[in-house]
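Read through the structure below, which is laid out as structure tokens, and then see the notes.
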There are 2 protein chains.
Amino acid sequence: MSTPSRRLREPEVNTTYLLGRAHKLLNQRIQEAVAAAGHPIRPAHSAVFVNIDRAGSRLTQLAERAAMSPQAMGELVDDLVRRGYLERVPDPADRRAKLIVLTDLGYDALQAAFDTILDIEAELVAELGAGGLATMQRALRRLAEED
Amino acid sequence: MSTPSRRLREPEVNTTYLLGRAHKLLNQRIQEAVAAAGHPIRPAHSAVFVNIDRAGSRLTQLAERAAMSPQAMGELVDDLVRRGYLERVPDPADRRAKLIVLTDLGYDALQAAFDTILDIEAELVAELGAGGLATMQRALRRLAEED
DNA sequence: GTATTTGTTCAAGTTCCCTGAACAACAGGA
DNA sequence: TCCTGTTGTTCAGGGAACTTGAACAAATAC
């Protein structure tokens, strides 16, 4: 106990940490812009908007894509239905299932998010140059592929 | 309602999303390596290890750096004290405060995390080249500075 | 020396996820 | 066709990781 004066082999930079910080910041910005556009959406709800098909998706599909349990996704959907962003319609192909589709209000919210993402991408080009951004994106994709 | 056949102005790439995916993957790897080294540390605990000074830190300092409430940080510290990774010692400079310091076991866990981070950095150099990695890090730092 | 701020802790509540269990509808084989 | 096993959803209960509010002692500021 008490200051073992240990010698640590310590990295100079932690790229993982930098990635986390950058992601958190940009993500917050998207959340805030959507809120500012008049949509009282909670952070967790983005899992729905990111994964839903324009023609509608089943709950199990959404859960699978978001890597979460169907029960958890169900609660997010319940909430967004209550707020008017989604509708559940019967799936004509399977009477057990329901298709979850965006309402007009849901499309508005999605467009607000897309607008902000477009702004961010434009800023990134201005900041890093088109080539620099493309290089970074390629690197990030390589990292994500490894799983 | 029902398939408004809306036209959406949609971004081609979402760099924010790519950043999130890459970060999640690398972070998981660090967590798993620390666990594999025999330290049953929960993800939230990393907020302590990332922010603690070698000479010890106050609870309020840790909370500030981790951008969370002192109460939440207090619970993380309680837990790590119970598990033997931290100690609370009186702060000689202020009798209200306590210095939170790493035990030998705490240093072991920190070194396990550092080892994995070093491995990851080496792999990133192999993957992207030293120059490519440096460029990406510079870009990430610029993004994070903006707050 | 009194008033305000600071550092910590107790208590209660929220968000966001989980597992287990139930039940109806589908799909395959005898 | 009936039986079995799987799939899609939902109800119920619980845990992890935060939050705010309130208390109290010790420091600091006039």
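In what follows, chains are A, B, ... by sequence order, proteins preceding strands, each numbered from 1.
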Expressed in angstrom and rounded to an integer, what is the separation of [X] atom [atom1] from [N] atom [atom2]?
X: A:R88; N: D:dG8; atom1: CZ; atom2: C1'; result: 12 Å
X: B:L76; N: D:dC18; atom1: CG; atom2: C1'; result: 9 Å
X: A:E75; N: D:dT10; atom1: CD; atom2: P; result: 12 Å
X: B:R82; N: D:dA16; atom1: CZ; atom2: P; result: 11 Å

Using heavy atoms to find the nearest nucleotide of DNA chain C for B:P70 and A:P43 separately, return the residue whose nucleotide is more 5′.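 Result of the comparison: B:P70.
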Mapping B:A97 and A:M68 onto DNA chain C by nearest heavy atom, which one lands closer to the 5' end? B:A97
If you round to the nearest 0.5 Å, how far is CD1 of B:I100 from CG of B:L59?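 Here the interatomic distance stands at 4.5 Å.
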When you check the side-chain N and O atoms of B:H39 and B:Y85, is any donor under 3.5 Å from an acceptor?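 Judged by distance alone, the side chains do pair up.
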Can you find a side chain N or O atom of [X] that sits less than 4.0 Å from OP1 or OP2 on [N]?
X: A:S69; N: C:dC17; result: no
X: B:R58; N: C:dT9; result: no
X: B:T60; N: C:dT6; result: no

Using a 4.0 Å heavy-atom cut-off across all strands, classify B:A72 as base, sugar-phosphate, or nothing.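 Answer is base: heavy atoms of B:A72 come under 4.0 Å of a base.
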Hey, does A:E121 have a side-chain heavy atom less than 4.5 Å from the side chain of A:L133? yes
Closest nucleotide of DNA chain D for A:D78 versus for A:R96: which of these residues is on the 5' side? A:R96
Assign each of A:Q71 and B:R95 to its nearest nucleotide of DNA chain D by heavy atoms, then name whichever residue's nucleotide is nearer the 5' end.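 Between the two, 5'-proximity favours A:Q71.
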Ignoring the backbone of B:D94, work out which of D:dT9, D:dA27, C:dT9 is nearest its side chain. D:dA27
Please confirm whether the backbone N or O of A:A47 pairs with a side-chain atom of A:N51, one donor and one acceptor, at under 3.5 Å?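 Yes; at least one donor-acceptor contact below 3.5 Å.
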